[in-house]
Amino acid sequence: MAIDQTRIDTLIGDHASRLSERLQAHRARLFPPDARKELRRFTSGEAADLLGVNDAYLRKLHLDGKGPSPEVRGNGRRYYSTADIQALREFLEEGAKSPGTYLPGRGEGDHLQVITVINFKGGSGKTTTSAHLAQKLALDGYKVLGVDLDPQASFSALHGFQPEFDLLDGGTLYDAIRYDDPVPLHEVIQKSYFTNLDIVPGNLDLMEFEHDTPRALSQRDGNLFFTRVGAVLSEVEGEYDVVVIDCPPQLGFLTMSALSAATAVLVTVHPQMLDVMSMCQFLLMTSNLLGVVSEAGGDMSYDWLRYVITRYEPGDGPQNQMVSFMRSMFGEHVLNHPVLKSTAISDAGITKQTLYEVEKSQFTRSTYERAMESLNAVNGEIEGLIQQAWRR
């Protein structure tokens, strides 16, 4: 009897098109076809926390007609957009005793911070970490460029881009770093619904760089692959304080080029034995390959490298042992605060949102506050490292 064999490429293609169709329907329900993602407004308490002032002080500013006018709802509560919060920052900075109190971005002589977020293994929370970091820095008054270098484009999806529908004619970093006829980086930067946060989205086009580079290397045409990301970022250097690059979970030419462009590296680690073993192999490969890049003239000097523990469960004994092991091995290179595993973060992701985007009322108060405290502590540590690199 003949066995009915299915070609794997046909089967996968069929599954991809069915999944794409279903995702498009899901997206249409969440966001109508012409809609762009919009960010919620922040309560006066949240705005005050972000600015580092008292809520009563914001109320007084509002009553005195100073700064932007918040939206006042039926219950008398005041709500601020991210544009309002930025306008308040600019207003408060004018009267600040020390410069940079409310606008903490680059000063004269400060270099652009390029933070490359990497891990070899999927599921380490790399994209979640990148997205929350980019958004929190934007909320804190930094001008941020988020770059999605992962062909799977989860970072883009979190920010309202559906790669297979929105980027049919290109529009990724590949367009700016390709060897033939590259476009200026400005052409692929998109404004996001977050004040202070611009995005370079990703899609499968990024894989082309992995295919093109061996050909360029064989032709020895003087095009050094590892300089390309850094070179295009220099085109917009004066417009941003921080660039956050979400790398693919493999050590290809894209990741190596991003590492060459970086001033800082963040390695996400899920504290499980298999993940740490995988990271060990990743670090060995990274060291070897970057050694080669360095010998070829690549700049391998960094302001800082840190490991961030992600999806951490404090009650899990083996995880605690693994965290202690990493701290004993790497000391200060492990961030003091871990990102807790939280249903609040994963539930927000189902609707393609981060914790900074969802309303607190969607979760039990303790769940939301524990997750938010964890994220803010991690991002606060990273912000401290940025300021340290600027010698503040």
Side-chain angles (χ1 to χ4, degrees), residues 112-119 126-127 129-131 133-135 137-138 143-192 194 196-217 223-266 289-290 293 298-299:
L112 177 70
Q113 282 282 295
V114 181
I115 303 173
T116 295
V117 186
I118 58 171
N119 194 291
K126 180 178 56 61
T127 297
T129 302
S130 304
L133 173 61
Q135 291 183 1
L137 289 172
K143 290 185 166 49
V144 184
L145 178 64
V147 179
D148 194 348
L149 263 195
D150 189 343
Q152 295 175 74
S154 302
F155 184 91
S156 305
L158 268 176
H159 289 95
F161 298 98
Q162 191 83 351
E164 67 267 40
F165 302 106
D166 298 335
L167 304 171
L168 295 173
D169 299 316
T172 71
L173 193 73
Y174 173 67
D175 295 355
I177 62 172
R178 64 191 180 208
Y179 298 94
D180 300 323
D181 196 24
V183 304
L185 184 57
H186 275 117
E187 290 188 18
V188 295
I189 292 175
Q190 307 246 14
K191 289 278 170 206
S192 82
F194 251 88
N196 291 337
L197 176 58
D198 293 346
I199 305 286
V200 177
N203 72 4
L204 290 172
D205 288 357
L206 289 161
M207 287 302 296
E208 295 299 321
F209 188 71
E210 304 292 344
H211 302 147
D212 295 347
T213 298
R215 177 177 52 80
L217 287 171
N223 273 313
L224 296 171
F225 77 87
F226 54 82
T227 62
R228 299 190 78 76
V229 172
V232 296
L233 288 179
S234 68
E235 295 172 19
V236 298
E237 184 174 357
E239 296 165 42
Y240 299 98
D241 302 313
V242 183
V243 178
V244 176
I245 305 179
D246 185 31
C247 286
Q250 72 244 11
L251 196 56
F253 296 117
L254 279 170
T255 302
M256 284 197 282
S257 190
L259 284 167
S260 298
T263 60
V265 176
L266 194 61
L289 289 169
L290 291 182
V293 169
D299 181 8

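These numbers come from the heavy atoms of this one structure, side chains and all, not from hydrogens, waters or symmetry mates. The structure presented is a predicted model; accordingly, all values stated were derived computationally and were not measured.
Under a 3.5 Å cut-off, the side chain of Thr116 and the backbone N or O of Ile245 do not form any donor-acceptor pair. Under a 3.5 Å cut-off, the side chain of Gln113 and the backbone N or O of Asp241 do not form any donor-acceptor pair. For Thr172 (side chain) and Leu206 (main-chain N/O), no donor-acceptor pair under 3.5 Å exists by modelled atom type. A side-chain donor-acceptor contact under 3.5 Å links Ser234 to the backbone of Ala231.
Rounding to the nearest 0.5 Å places CZ of Phe253 at 6.5 Å from CD of Glu210.
The closest side-chain donor-acceptor pair between Ser156 and Asp148 falls under 3.5 angstrom.
Here the side chains of Val229 and Ser260 are not in contact, with every heavy-atom distance at 4.5 Å or above. Residues Leu233 and Leu185 are in side-chain contact: their nearest non-hydrogen atoms beyond the backbone lie under 4.5 Å apart.
Closest approach of Pro151 to Met207, counting heavy atoms only: CG-SD, 3.6 Å. What you find for Tyr174 and Glu208 is that their closest heavy atoms are CZ-CB, 3.4 Å.
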Can you list the steps and then say if Leu197 with His159 is a side-chain contact (heavy atoms from CB on, under 4.5 Å)?
CA-CA 10 Å; Leu197 176 58; His159 289 95; 3.8 Å; yes
Check the pair Ile177, Leu254 against side-chain contact (heavy atoms from CB on, under 4.5 Å), reporting the backbone distance first and the verdict last.
CA-CA 10 Å; Ile177 62 172; Leu254 279 170; 3.9 Å; yes
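Classification of Asp180 and Arg215 as a salt-bridged pair holds, one side-chain N sitting under 4.0 Å from a carboxylate O.
Ring to ring, Tyr179 and Phe209 are close: their centroids are under 6.0 angstrom apart.
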